[in-house]
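Below: one structure, written as structure tokens.
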2 protein chains.
Amino acid sequence: MTDASRIRRPGPRLEEVARAAGVSRSTVSRVINEEPYVSTRSREAVHQAILTLGYSPNQAARTLAGSRANAIALVVSEQAGRVLSDPFFAGVLRGVHAELSGRRVQLVLMMSQQGDEQDLISYLVGGHVDGALVISLHGRDPLPLTLSEAGLPLVVGGRPLAGKGVPYVDSDNFNGALEAARHLVSVGRTCIATIAGAKDMAVGMDRLSGWRRGMVEAGRPADLVAYGDFTPESGAAAMRDLLDRNPGIDGVFVAADIMALGALQVLHAHGKRVPDDVAVVGFDDLVSAATSVPPLTTIRQDVEQLGRTMTWRLLGELAGEDGLPPSLLLPTALIKRASA
Amino acid sequence: MTDASRIRRPGPRLEEVARAAGVSRSTVSRVINEEPYVSTRSREAVHQAILTLGYSPNQAARTLAGSRANAIALVVSEQAGRVLSDPFFAGVLRGVHAELSGRRVQLVLMMSQQGDEQDLISYLVGGHVDGALVISLHGRDPLPLTLSEAGLPLVVGGRPLAGKGVPYVDSDNFNGALEAARHLVSVGRTCIATIAGAKDMAVGMDRLSGWRRGMVEAGRPADLVAYGDFTPESGAAAMRDLLDRNPGIDGVFVAADIMALGALQVLHAHGKRVPDDVAVVGFDDLVSAATSVPPLTTIRQDVEQLGRTMTWRLLGELAGEDGLPPSLLLPTALIKRASA
DNA sequence: GCGGTTTCTGGGAGCGCTCCCAGGTGTCGG
DNA sequence: CCGACACCTGGGAGCGCTCCCAGAAACCGC
């Protein structure tokens with residue numbers, strides 16, 4: 001970026017608007033920022049001048065002078081390729097955008113990769129954004145803590161394993177899983193297993209805890225656990241493992257629909273009818289959960305709402321509101337379909 | 001955004017780095033911008049000072065002083081909700097990000113909605129970004145032309161119907177469709193129809209033209225055309241329409257896989273076997289094209305490459321390179337599966 | 001009518017950087 | 001030994017805005 005981008009874009013400056021409207025810079029600035037203490041007369045003159053001159057304020061100057069960027073970052077700390085096609089990401093993005101619309105806040109999308117973490121941190125802390133939303137954390141990613149300690153307002157999507165005290169928003173994975181477990185019990189299943197998510201992710205741990213709680217409160221053993229990594233293949237492998245360990249399984253809670261799809265195939269291959277022989281409950285309510293064979297009973301989480309809530313929480317903090325909840329859990333809902 | 005965000009983030013300034021390194025501001029600036037004419041001694045001293053002080057440059061100040069934002073915008077001019085879950089968008093985003101990685105250029109994601117177009121334009125032209133990538137255009141959207149006339153470097157994804165002279169990158173829809181048509185001819189189909197995309201989108205028109213060319217060069221009539229709007233439902237409706245008009249159809253080129261999925265269902269419902277009775281060729285090579293029943297023969301377009309190429313073209317322009325092609329068409333590939 | 005308050009206005013001083021220019025120091029050829 | 005030309009360095013002047021302060025004008029009640 002050298003030559004061409006150096007050409008200064010023309011367009012009028014605040015000064016010229018002021019002259020055209022017959023007022024001072026300060027007054028124009030007040031109008032633009034919708035501050036009080038401007039006479040209707042001045043206000044209209046300024047609006048008129050802005051319109052006729054086609055003025056648009058220089059954001060960099062506003063940021064520099066006002067030490068406010070009017071932008072927030074959405075930081076995706078994961079391999080870009082994997083995340084972008086993920087409906088979770090798309091849903092959050094939709095929510096963030098919905099919450100942002102109408103406000104004059106821009107969204108900067110950043111993806112951390114191996115190696116450029118320092119660049120990312122330096123950019124975020126460099127004052128180009130007012131705050132950050134961080135999603136898709138692996139394991140004990142130190143990023144939230146680092147950013148938080150650097151004084152950057154942030155909200156994490158999904159409970160971070162590292163970084164206590166950092167505000168986050170998450171689906172209520174524990175209670176969702178608990179509801180799934182209760183549902184399996186309530187439809188008369190006696191030998192209930194679970195396919196849990198990765199052990200190094202909070203979402204995996206919380207859903208496993210919920211299932212365990214459900215088993216314990218029903219007086220059932222809570223040891224039929226296999227682990228996957230949120231892929232259909234891992235779900236299939238875990239299902240095979242479970243059937244090997246106990247062929248009498250008649251109910252299984254799978255901690256993610258994407259794994260449940262793999263599990264369904266394995267059950268089919270083993271001649272198990274769903275839900276007659278084995279009842280299956282998933283989690284997430286993916287689009288494909290409704291069209292799987294059989295359609296999947298699952299726990300719905302509202303990812304768009306997650307994005308909205310994260311954004312709301314961040315903007316609230318930036319606005320200096322007090323009484324904001326440190327962290328939030330969003331309710332989930334049992335969606336009954338054919339598989340359980 | 002008032003109170004909290006006004007707190008000036010601490011951290012050292014360029015000035016302090018200069019003092020710590022025992023050099024001037026100018027020298028520090030040169031080191032940061034990797035300019036020549038700095039002694040190794042100074043350079044190392046500055047690097048050391050930056051590291052120990054944890055200095056990170058203020059982007060707003062750089063932008064203001066240098067009239068260069070080090071950021072580009074990805075503008076999605078469509079309803080946010082629809083686009084974000086679209087694999088096309090995800091693919092482009094992945095490509096853009098891949099091409100950007102390693103360079104110090106940030107990506108600002110913007111979605112235009114009804115009404116806030118003026119805000120969007122004012123932001124883009126306001127100097128907060130150096131250039132823009134614009135995708136997902138409807139009909140004769142005037143946005144590219146407007147931005148281009150405002151002097152903003154931009155590259156459009158997909159041939160824009162309005163705005164000649166605006167550089168764009170697109171898949172070679174014409175030749176892709178031509179290849180599809182030729183394939184249908186080559187597998188011995190004699191009565192070949194097409195389900196075209198929306199008439200107000202270049203992608204729809206170009207694919208239709210390609211199919212027409214294929215029909216004409218094979219000496220076939222090119223009048224079995226029905227239109228859809230890139231939804232499965234519209235594909236189904238168009239297929240029904242075509243079968244009504246000519247039950248003897250034995251080949252159909254569907255201008256988008258998403259519509260082909262709907263068409264397949266209709267063919268099945270009408271008792272037509274695919275490909276025995278009717279051969280079907282799609283376009284796009286969606287993930288679900290490989291798993292449809294039967295798996296869909298289709299024309300693959302590389303959307304990630306599209307994103308990469310757009311970005312490369314824009315960055316090239318920003319760097320003042322000359323000899324850049326005004327516009328580019330990316331090759332497509334016939335993927336043979338079971339449906340044709 | 002006068003102090004006190006509220007409303008409104010303008011100018012000055014930066015925000016933290018990059019660019020430009022002036023000048024210093026070294027190296028080389030004549 | 002001196003000019004020419006590299007190389008390297010520092011300071012000043014902004015970039016275009018917002019904030020702060022001082023002050024003018026309008027309004028109030030007693």
Side-chain angles (χ1 to χ4, degrees), chain A residues 1-3 5-19 21-46 50 53 55-70 104 122-123 125-128 130, chain B residues 1-3 5-19 21-46 50 53 55-70 104 122-123 125-128 130:
Chain A
M1 295 236 178
T2 48
D3 302 291
S5 57
R6 280 237 66 234
I7 298 164
R8 176 156 289 109
R9 237 162 325 271
R13 304 281 161 261
L14 189 98
E15 186 85 46
E16 284 136 59
V17 175
R19 216 178 307 136
V23 297
S24 70
R25 281 191 346 268
S26 304
T27 301
V28 177
S29 178
R30 285 187 191 101
V31 172
I32 291 171
N33 294 294
E34 296 174 3
E35 284 171 24
Y37 297 152
V38 179
S39 65
T40 321
R41 211 177 148 285
S42 302
R43 192 181 306 276
E44 277 166 7
V46 170
I50 288 177
L53 293 178
Y55 170 74
S56 85
N58 180 311
Q59 296 296 332
R62 305 184 78 184
T63 303
L64 182 57
S67 56
R68 192 185 315 132
N70 296 312
R104 291 173 168 188
S122 121
Y123 181 89
V125 178
H128 214 315
D130 298 318
Chain B
M1 292 237 178
T2 47
D3 302 289
S5 57
R6 280 237 65 234
I7 297 163
R8 177 155 288 110
R9 230 150 345 257
R13 302 283 161 259
L14 188 96
E15 184 86 46
E16 284 137 57
V17 175
R19 216 178 306 135
V23 297
S24 71
R25 279 191 349 267
S26 304
T27 300
V28 177
S29 178
R30 285 187 192 102
V31 172
I32 290 171
N33 294 294
E34 296 174 3
E35 284 171 25
Y37 295 154
V38 179
S39 64
T40 322
R41 210 175 149 285
S42 301
R43 194 182 305 277
E44 276 167 8
V46 170
I50 288 177
L53 292 177
Y55 171 73
S56 84
N58 180 312
Q59 297 296 332
R62 305 184 77 184
T63 302
L64 183 58
S67 56
R68 193 184 316 131
N70 296 312
R104 291 172 167 188
S122 123
Y123 181 88
V125 179
H128 214 314
D130 298 317

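Per chain, numbering begins at 1; letters A, B, ... match sequence-line order. Predicted model only: the values in this text are computed from it and were never measured. Values below: all heavy atoms of this structure, side chains included; hydrogens, waters and symmetry mates excluded.
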Figure out the [atom1]/[atom2] separation between [X] and [N], and round it to whole Å.
X	N	atom1	atom2	result
A:I50	D:dC17	CD1	C1'	13 Å
B:Q59	C:dC15	CD	P	19 Å
A:N70	C:dC15	CG	P	20 Å
B:E15	C:dC17	CD	P	9 Å
A:L64	D:dC17	CG	P	12 Å

Worksheet entry | Nucleotide of D:dC17, D:dC19, C:dT18 approaching A:L14 most closely (side-chain heavy atoms) |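 Nucleotide nearest to A:L14's side chain: D:dC17.
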
### Query
From C:dT9, C:dC19, D:dC17, pick the nucleotide closest to the side chain of A:R62?
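Closest nucleotide to the A:R62 side chain: D:dC17.
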
Compare every heavy atom of [Y] with every heavy atom of [X], then report the nearest pair and how far apart it is.
X	Y	value
A:Q59	A:N70	OE1-ND2, 4.4 Å
B:I32	B:R62	CG2-NH2, 3.8 Å
B:V38	B:R30	CG2-CB, 3.6 Å
A:E15	A:R25	OE1-CD, 3.3 Å
A:T63	B:A60	CG2-CB, 3.5 Å

Next on the checklist: Let me test you: for the helix from C:dG1-D:dC30 to C:dG30-D:dC1, what is the angle between the axes at its two ends (five pairs each), rounded to 10 degrees?
Outcome noted: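 Here the helix ends are tilted 30° relative to one another.
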
Kindly write out the residues that satisfy side-chain hydrogen bond (donor to acceptor under 3.5 Å, both in side chains) with A:S26, not counting sequence neighbours, or none if the list is empty.
->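 A:S26 satisfies side-chain hydrogen bond (donor to acceptor under 3.5 Å, both in side chains) with no residue once adjacent residues are dropped.
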
By side-chain hydrogen bond (donor to acceptor under 3.5 Å, both in side chains) - contacts of A:S42 (at least two apart):
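Residues passing side-chain hydrogen bond (donor to acceptor under 3.5 Å, both in side chains) with A:S42: A:S39.
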
Looking at D:dC19, I'd like to know if its phosphate oxygens (OP1 or OP2) sit under 4.0 Å from a side-chain N or O belonging to A:R68.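 Indeed, a polar side-chain atom of A:R68 lies that close.
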
- prompt: Does a nitrogen or oxygen in the side chain of A:Y55 sit under 4.0 Å from OP1 or OP2 of D:dC17?
  reply: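 Answer is yes, contact under 4.0 Å.
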
Original post:
Is any side-chain N or O of B:S24 under 3.5 Å from a base N or O of D:dG11, one able to act as donor and the other as acceptor?
Top reply: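 By the distance-only test, no, there is no pair.
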
Query raised in the report: Which comes earlier along DNA chain C counting from the 5' end, the contact point of B:S56 or that of A:R25, where each point is its nearest nucleotide?
Result: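 By nearest-heavy-atom nucleotide position, the 5'-most residue is A:R25.
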
*Where along residues 27-35 of chain A does a heavy atom come under 4.0 Å from DNA chain C, residue by residue in number order?*
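Result for residues 27-35 of chain A: A:T27, A:R30, sorted by number.
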
### Query
Heavy atom of residues 36-43 of chain B under 4.0 Å from DNA chain D: which residues?
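Listed by number, they are B:Y37, B:V38, B:S39, B:S42.
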
- Qualifying residues under side chain to side chain contact (heavy atoms under 4.5 Å, CB included), relative to B:A61, sequence neighbours excluded: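 For B:A61 the side chain to side chain contact (heavy atoms under 4.5 Å, CB included) partners, ignoring immediate neighbours, are A:L64, B:N58.
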
